[in-house]
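Worth saying up front: this structure is predicted, and the values here are computed from it rather than measured. Heavy atoms only: backbone and side chains are in, while hydrogens, waters and symmetry mates are out. Quick note on labels: first sequence line is chain A, next is B, and so on, each numbered from 1.
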Amino acid sequence: MTKLPLSFYQRSALQVAPELLGKVLVTCKKGEITSGVIVEVEAYTGEDDPASHVYQGRKTPRTRILYEAGGRVYVYRIYGIYTCLNVVTGEKGQPHSVFIRALEPREGIEVMKKRRGTEDIRRLTSGPARLTQALGIDMNFYGESLTGERIFILDSSSLPPHEIATSPRINIDYAGEGRNLPYRFYLRNSPFLSRR
DNA sequence: TGTCCGATTGGT
DNA sequence: CCAATCGGACAG
């Protein structure tokens, strides 16, 4: 297996998002490898997207990395407690990203159980803030390259289209009209989705 | 400087 | 259904 190349990421979020399903997200922290198959993502499509952190051209210290070329990590804090992970996509100056919402655990399950404080496999990585905790992803990962050693995504064969489902994005009621856009993509039969 | 609020989660 | 908990965004 080989890492996805930068060229994979340097396209629009709507192209990249469904293609990330079935790929394997890996982190290596203090020699401990943890990984999971990506089963749920959402596309955030830049300054015209009411749900995006860069809506209407907000350029702030937090969103700086979104304006760089695709292939890096965008992490942010939410509710003062949790960390959420995005993959930056698009060309430089095109602030797209793909929000990673859920994984199916693969490698390092014992480490993940310890980090999450639960034995329940279904609650290890089935949610955006759960998976970051399980994989040890914190704010120090801001801007990290996805072609490096700490965090990367492994390539794998494409999935048959009928396994991929679409829906509106979750918990973006603040986005007005944008709340109905079908920008969430997930593996139809996965037991590891984030739904509650 | 002050106020408002969230791309969530876990427990009632 | 609701609280937790604090940095970011923005108004003044």
inquiry  = Looking at B/dA7, I'd like to know if its phosphate oxygens (OP1 or OP2) sit under 4.0 Å from a side-chain N or O belonging to A/N171.
reply    = no

task = Could you tell me the separation between the CG atom of A/D173 and the P atom of B/dG6, rounded to a whole number of Å?
result = 9 Å

query = Which part of the nucleic acid does A/I81 contact within heavy-atom distance under 4.0 Å: base, sugar-phosphate only, or nothing?
reply = base

ask   = Do any side-chain nitrogens or oxygens of A/R77 fall under 4.0 Å of OP1 or OP2 in B/dG6?
value = no

task = Would you tell me if any nitrogen or oxygen in the side chain of A/R123 comes within less than 4.0 Å of OP1 or OP2 on B/dG10?
result = no

inquiry  = Can you tell me if A/T60 touches the phosphate of C/dA9, counting only side-chain N or O atoms and a distance under 4.0 Å to OP1 or OP2?
reply    = yes

message = Taking 4.0 Å as the cut-off, does a side-chain nitrogen or oxygen of A/H53 come that near to OP1 or OP2 on C/dG8?
response = no

query = How close or far is atom P of B/dG11 from atom CG of A/D120, stated in whole angstroms?
reply = 12 Å

ask   = Is any side-chain nitrogen or oxygen of A/R116 closer than 4.0 Å to OP1 or OP2 of B/dG10?
value = yes

query = Think A/Y76 has a side-chain N or O under 4.0 angstrom from the OP1 or OP2 of C/dG8?
reply = no

remark   = To the nearest angstrom, the CD-P distance between A/E47 and C/dA9 comes to 14 Å

remark   = Between the CG atom in A/L124 and the NZ atom in A/K113, the distance rounded to the nearest 0.5 Å is 7.5 Å

query = Could you state the OH-P distance from A/Y82 to B/dT8, rounded to the nearest angstrom?
reply = 11 Å

request  = Using the ring of A/Y67 (Phe, Tyr or Trp, six-membered ring only), decide whether A/K59 places NZ or CZ under 6.0 Å from its centre and within 45 degrees of its axis.
outcome  = yes

Spacing of A/Y174 atom OH relative to C/dA9 atom P, expressed in whole Å = 13 Å

query = With both distances under 3.5 Å as the test, what is the Watson-Crick or G-U wobble partner of C/dT5?
reply = none

ask   = What's the CZ-C1' distance between A/R101 and B/dT8, to the nearest Å?
value = 9 Å

ask   = Whole Å only: how far is the CD1 atom of A/I78 from the C1' atom of C/dA4?
value = 13 Å

request  = Calculate the interatomic distance between A/Y142 atom OH and C/dG7 atom P; express it in whole Å.
outcome  = 16 Å

ask   = With side chains defined as the heavy atoms from C-beta onward, is the minimum distance between A/E144 and A/R72 less than 4.5 Å?
value = no

query = Contact class for A/A51 vs. all strands (heavy atom < 4.0 Å): base, sugar-phosphate, or nothing?
reply = base

key: Ring centroids of A/Y79 and C/dC6 base under 5.5 Å with planes under 30°   = no

query = So is A/R150 actually on top of A/F141's ring, under 6.0 Å and inside 45° of the axis?
reply = yes

ask   = Cation-pi between A/R11 and A/F8: NZ/CZ under 6.0 Å from ring centre and within 45° of the ring axis?
value = yes

